[in-house]
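For reference, the structure discussed in these notes is given below.
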Amino acid sequence: MDFLAPSTWAEALAAKAERPDALPVAGGTDVMVEMNFDHRRPGALLDLTRVAPLGEWAFDDGRVRLGAGVTYARVIAELGSTLPGLAMASRTVGSPQIRNRGTVGGNLGAASPAGDSHPALLAADAVVEVESAARGVRHVPVADFYTGVKRNALEQDELISAVLIAPPSGPQQFCKIGTRNAMVIAVSAFGFALHPDRRAVGTGIGSAAPTPRRATDAAAFLAGELEAAGLWESRAALPEGLAAEFGRKVRDAAAPIDDVRGTAAYRLHTLSVMARRAATWAWDEHRRAA
Amino acid sequence: MTSTETRTTGKIGDSPLRPDGTLKVTGEFAYSSDLWHDDMCWGVTLRSPHPHARIHGIDVSAALALPGVHAVLTHADVPGLNRVGLEHLDQPALAEDVVRYQGEPVALVAADHPETARRAAKRIVVDYEELPALTDPRRALDEGVPQVQPGGNLVRELTIRRGDPAPQAPVVVALDFEVGMQDQAFLGPESGLAVPDGEGGLDLYVATQWLHVDQQQVCRVLDLPPDRARLHLAGVGGAFGGREDLSIHVHACLLALHTGKPVKMSYARDESFFGHVHRHPAWLRYEFGASEEGRLAYAKADILFDGGAYASSTTAVVGNGGTLGLGPYNIPSVTVDARGVYTNNPPCGAMRGFGCVQAAFAHEALMDELADRVGVDRVEIRALNGMRDGDLNITGQLIDSAAPVAELIRTVRDLPLPASPEGERDIRDLPGGASNTTHGEGVVRGIGYAVTYKNVGFSEGFDDYSTARVRLELTGGEPVATVHTAAAEVGQGLITVEQQICRTELGVDRVVVHPKNTFVGSGGSTSASRQTYVTGGAVKAACEAVRAAVLRLASARLGVGGLRLDGDKIVSASGEVLASLADVLGAEAVEETVEWHHRPTEEIDPETGQGNAHVQYAFSAHRAVVDVDVELGLVKVVALDTAQDVGKAINPDAVVGQIQGGSAQGMGLALMEEIVVTDGKVRNPSFTDYLIPTILDMPPMQVKVLEYADPHAPYGVRGVGEPPTISSGPAVAAAIRAATGKALRRVPVRPEHITL
């Protein structure tokens, strides 16, 4: 196995173009586990940790441009109030050691349905910025990025450079079910965002379908009910049963399986509860912010 | 492999720092996986992918052809008897014609790099014919099921019959309970280094629990006399019963003798899950009959343990599960049937709590049921029925020292309870923690109690002993004791205890603990909570022999009799200081070796199960307080408090450490720890999916240590390590039942058991 260690982004893109079999690695918290288990033997590893700009974030045209190499620990420490949903998700990632190494870009690269950042990115309408030496930059809405179990929309010569996330106009929530109180892979997860600026609702479901996915109908339902009842203006309390109905519709959007971590029935049940609670918390926060 | 020497003033009852403590905390301690030898090879094991299959042939040629490979071995290369086993020689060191579980060792490779060895192992072609597998132990004794072993599928059946054979009672409660397969989950993987001596023998450095029984097993397979296979204890990263059976021992030695080179083997985490036995899953059916006031009249228990493909210590686990499986209660009439069976599941054997853990979940759940039925408080019903000193247990054995069941359970009840939650709470204190699943919604608090007793030491007639060699001499003008035992330090703190006993008995400050090896007699197993008792007893006896020899020496030198040792002074009968220990020793070294046996036990009657099976009993109680998100099924243990009688706390800090760790391990089984086996295959051989409690799962503990000396034991000690693992889990399960109102007759309690 070859170990490629570019020091600039241009070198990294060139290396990936030359070696499509090279597996990008940043924190290594997914890649090294896969290799230790012998699940994966790439022809080369493409180490991106020397490409300094990947580790930076900045405001860019009203959005946060989060370099693919920014760790969860830094998202929590530096972006906790700017990107609350993603920061909440980041707090549930592994242990302190894992959060010091693991990156949002790596989560996208692995594209596991259980990746913790995905529901938050989906709820926030994030956009993935990818680049190749041959064709330059393209932007992929995150909902289009996940194409299958542990597969994503990257072409063979492309690398993830950044994630673009608009700071929220309303509250965000993230909830995750695990069978212990820390250091656990999601049995199911749910991301939620209120977008009062455009009177929309964002959702993201984790670990309950072949890919991370949105609960599109549920989101449209809740936004519509809020609109119909004039709640976006009034910020009145949610009508009885609305959050629960939203929860049921989120549950209906999932397609989970039974596995060693939990049953499909339990995953569906927890999604309805998490969605109900998250929507209630977010709406209550929205009301308090008035 | 290095001597540990520490200077403290710590005698028994103090808590001197453990000599390995700082090294372990700073990451400098050399564990067995750190062993290294110049020009060593790496050994790897090829294991069966099938739970049950016939082997028609093994072709190693492609593996041997790989550059860097030094040897590829199969059962055909075993020089001695190709059988291992703690109680039954039923397991091949390397599979012959049949594999009986997924993970059974089939072939070995030695290569100059571990990756080369792994690649070579993949090139070995084994011609398997899959056979029907027996994976449901409840069917093991049915007609027409696959026979796992030539002698049938029954490992042991134990019956206890006492009192009225057809008892009646006005109140009858019953339940079925199921316990999943727990793993020891020690952090230090199985590892060791075998170094050939160039004369046909070798030295094996290995992490283990009992050097001498390993040596016997190694010598049998290698066809070597004991003096040609010398074992040395390498740094042990936890054991909990999982290192009683062999792992790399024979395999590394076979490779080392075959290649003439030192061979290191060290399992990765996933292999470790296949490389040691687990706690037996159990199916338990219990019935209690009682008076209207809740006093037990009779108990019936039917207990089934899944032993997996090889016996390991299933026989003794059935012994414990049967003889101790009704808990620390007075029960006039008893019917117990306990069985251990062979299946094509992973082999199960020793783990902390050893047969009592499974039973305690059942008898404690049923005791709560009885309490509720008769309207007696759940604590008081245990006090009412609890054993006392002078009672007879269900095998008719006299309890001849403290049995403070009532005091223990009332003590934990009376400890302060955690404050009731008020106002907004930090989510990290709630079920789900930072995963943000509740801000208080659905959270219900529950409290549960449990009490247990456990035998200490080996039982049922086993001649259980330890050997200690103690040497006293001047070093730099100062008396120094050296204590040499083969008793394994696995993290529990035995080396500190050995030092404390030497300081107490010999009046010396400096005690060197000799490296543990087979150059001294057996120390017995580091299991059954027995080492402080038995090896402690041996060290005490050896010190007494040394002291007597020193006093004889002093009498001869001083020309007076009736001397005694007071600290490091030789004192006359009238109390006059005549000389110092250093004066008397001079250039002499006084050395004594003592083999010390605990009180004999008896085999139980095969028909009635009656007999004095056990040497000592240890008692503990727990109170658990849990917050359960009843909508999501997530649990946060808020408090886990305990009281335990330890007889005498030789090292109070170490005692509390054992109680904390044991409690966490028991709680883990109640909440999350399970090896999931489907159709004979392990589905979660990793710490990603085999979950053990983290610091956010384990609450702070209040620990009350009682010290009612056992007059039959050295210093009055009672074994400490196992009881906490037995009573903590049932208390947690009871607390979850209290919070949810669900019956919850299986552990680990999974979230979906609560919500669906």
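As a basis for the values below, the full set of heavy atoms in this structure was taken, side chains included, without hydrogen atoms, waters or symmetry mates. Just so it is clear: chains get the letters A, B, ... in the order the sequence lines come, proteins before strands, and each one is counted from 1.
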Give the member of [options] that has the highest number of heavy-atom pairs under 4.5 Å with chain A.
{"options": "B/Leu634, B/Thr678, B/Asn684", "value": "B/Leu634"}
{"options": "B/Leu696, B/Asp689, B/Thr694, B/Ile692", "value": "B/Asp689"}
{"options": "B/Arg118, B/His439, B/Met672", "value": "B/His439"}
{"options": "B/Asp270, B/Leu691, B/Val676", "value": "B/Leu691"}
{"options": "B/Ala434, B/Pro751, B/Gly433", "value": "B/Pro751"}

Other residues, nucleotides and ligands only: do more than 12 of their heavy atoms fall within 6.0 Å of [atom1] on [X]?
{"X": "B/Asp679", "atom1": "CG", "answer": "no"}
{"X": "A/Arg101", "atom1": "CZ", "answer": "no"}
{"X": "B/Ile695", "atom1": "CD1", "answer": "no"}
{"X": "A/Arg40", "atom1": "CZ", "answer": "no"}
{"X": "B/Arg428", "atom1": "CZ", "answer": "no"}

To the nearest 0.5 angstrom, please state how far the [atom1] atom of [X] sits from the [atom2] atom of [Y].
{"X": "B/Leu632", "Y": "A/Ser188", "atom1": "CG", "atom2": "OG", "value": "8.0 Å"}
{"X": "A/Asp38", "Y": "B/Lys122", "atom1": "CG", "atom2": "NZ", "value": "3.0 Å"}
{"X": "B/Glu673", "Y": "A/Arg180", "atom1": "CD", "atom2": "CZ", "value": "9.5 Å"}
{"X": "B/His753", "Y": "A/Thr263", "atom1": "NE2", "atom2": "OG1", "value": "9.0 Å"}
{"X": "B/Asp629", "Y": "A/Ile177", "atom1": "CG", "atom2": "CD1", "value": "7.5 Å"}
{"X": "A/Tyr266", "Y": "B/Thr755", "atom1": "OH", "atom2": "OG1", "value": "5.5 Å"}

B/Ser686 and A/Phe37: which non-hydrogen atoms are nearest, and at how many Å?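 Reported closest heavy-atom pair: CB-CZ, 3.7 Å.
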Check each atom of [X] against the heavy atoms of chain B and say whether the ones under 4.5 Å are side chain, backbone, both or neither.
{"X": "A/Phe190", "result": "neither"}
{"X": "A/Asp116", "result": "neither"}
{"X": "A/Val184", "result": "side chain"}
{"X": "A/Arg277", "result": "side chain"}
{"X": "A/Arg267", "result": "neither"}

query = With a 4.5 Å limit on heavy-atom distance, are the side chains of B/Glu441 and A/Trp281 in contact?
reply = yes
Within a strict 4.5 Å, meaning less than it, do heavy atoms of the A/Thr92 and B/Asn436 side chains meet?
->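 No, side chains not in contact.
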Any donor-acceptor pair under 3.5 Å from B/Asp697 side chain to A/Asn181 backbone = yes
Under 4.5 Å to a heavy atom of chain A? For B/Glu115 that would be side chain
